[in-house]
Amino acid sequence: MGRVYNFSAGPAVLPEEVLREAADEMLDYNGTGMSVMEMSHRSKEYQEIIETAEQDLRDLMNIPDNYKVLFLQGGASQQFAAIPMNLMKNKVADYIITGQWAKKAYQEACHYGKANAIASSADKTFSYIPDCSDLPISEDADYVYICENNTIYGTKFKTLPNTKGKTLVADVSSCFLSEPVDVTKYGVIYGGVQKNIGPAGVVIVIIREDLITDDVLPGTPTMLKYKTQADAKSLYNTPPAYGIYICGKVFKWLKKMGGLEVMKQRNEEKATILYDFLDQSELFKGTVVKEDRSLMNVPFVTGNEDLDAKFVKEAKAAGFVNIKGHRTVGGMRASIYNAMPKEGVVKLVEFMKKFEADNK
Ligand SMILES: *Cc1c(COP(=O)(O)O)cnc(C)c1O
């Protein structure tokens with residue numbers, strides 16, 4: 001069997017070129033006679049892999065020198081605790097609840113201080129982004145937290161919230177490297193790489209230097225202190241070495257593709273194909289208000305659960321896999337990350353048209 005079109009929300013599709021290159025290097029990386037998996041993380045070869053990966057990411061995102069880039073473990077979910085532990089100096093933080101991941105981060109922060117839910121879109125099943133232009137930001141908030149792209153619900157912040165001068169912290173797991181960003185607007189940008197960058201097991205944290213201090217909450221584990229990781233250049237202990245190597249290859253691929261401006265155009269083109277179809281379809285419809293639609297995760301429904309199940313089953317048989325919606329939402333969701341070729345979206349829409357005609 002050949003490759004399928006994989007619409008999984010994560011772990012998700014990776015560029016075929018990257019996988020082939022990794023396969024070629026599997027037994028003998030660059031004349032070392034061993035796989036990167038077998039290599040010391042203190043070796044000269046590995047040093048070059050991790051340093052090149054960091055530099056390429058810095059180039060792609062135009063990361064200023066006063067920001068550190070950390071390659072860590074524990075997934076995005078561990079950052080839900082690490083962020084308050086490192087940043088809650090006043091023990092106050094404001095959270096904008098736009099879905100399950102933001103809610104989980106908020107609930108975790110509640111263990112460490114006073115976390116305030118200052119806005120939410122729970123009233124309409126997280127199908128929109130609340131107006132964040134004039135929120136009741138707490139006077140003593142250490143930071144304002146958002147989940148920038150909501151993987152499960154398919155919404156994205158198109159403008160960042162007005163934090164009234166407070167540090168912005170953003171979980172960008174599912175929109176990482178999908179378009180250019182202005183890093184200077186954030187204190188912390190972080191994400192698990194398994195959505196849009198690489199294999200599960202790596203989380204990347206981009207953090208402004210002044211936020212990295214020894215002044216963390218009492219009891220913060222050494223490993224979760226950003227200072228530990230920053231001082232050791234992500235090599236305090238054994239890093240997720242192979243995962244970082246694959247991330248590095250994806251960064252090279254992104255550079256070769258033309259960088260984040262080009263990725264944005266490609267992603268807009270792909271998403272438009274799918275959304276335009278949904279907007280005129282008599283069977284399928286999108287679940288998100290138009291202005292807040294994600295370019296990465298596209299949820300849709302037929303309005304009939306049996307028909308949804310039939311669609312998912314027939315799509316899978318036709319080579320469009322992992323298109324079932326999140327278990328808490330139902331329906332369908334097509335995740336169309338950087339590595340999903342336009343052809344995959346075009347063919348999916350053709351398939352949906354045929355399904356619609358057959359199920360009128
Ligand atoms: C998947 C996801 C997470 C959880 O990531 P883990 O690496 O599994 O902890 C958190 N936030 C967002 C936005 C996600 O999409």
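Numbering of ligands and ligand atoms starts at 1, following listing order.
For ligand 1 and Cys147, the ligand atoms under 4.0 Å from any heavy atom of the residue are 13 (C). Each of the atoms 5 (O), 6 (P), 7 (O), 8 (O) of ligand 1 lies under 4.0 Å from some heavy atom of Gln194. Every atom of ligand 1 is numbered from 1 in the order shown, and the set under 4.0 Å from a heavy atom of Gly75 is 7 (O), 9 (O). Here is the list of ligand 1 atoms found below 4.0 Å of a heavy atom in Thr151: 12 (C), 13 (C), 14 (C), 15 (O).
When heavy-atom distances to ligand 1 are checked against a 4.0 Å cut-off, Lys195 comes that close only through its side chain, counted from C-beta outward.
Using a 30° and 60° split on the angle between ring planes, Phe71 and Phe251 fall in the tilted class, from 30° to 60°.
Between the Asp308 side chain and the Thr302 main chain, a donor and an acceptor come within less than 3.5 Å of each other. With Gln229 contributing its side chain and Met223 its backbone, the two residues share a donor-acceptor pair below 3.5 Å.
With hydrogens left out, the protein atom closest to atom 5 (O) of ligand 1 is Ala76 CB, 3.5 Å, a heavy atom. For atom 9 (O) of ligand 1, the closest non-hydrogen atom on the protein side is Ser77 OG, 2.6 Å. Looking at atom 11 (N) of ligand 1, its nearest protein heavy atom turns out to be Asp171 OD2, 2.6 Å.
No side-chain N or O of Asn297 forms a donor-acceptor pair with one of Thr151 less than 3.5 Å apart.
Between Phe80 and ligand 1, no N or O atom pair is found at a separation short of 3.5 Å.
Residues Ile206 and Met61 meet the side-chain proximity criterion, which asks for heavy atoms closer than 4.5 Å.
Environment of NZ in Lys103: sparse, with no more than 12 heavy atoms of neighbouring residues, nucleotides or ligands closer than 6.0 Å. Atom CZ of Arg42 is surrounded by more than 12 heavy atoms from other residues, nucleotides or ligands within 6.0 Å.
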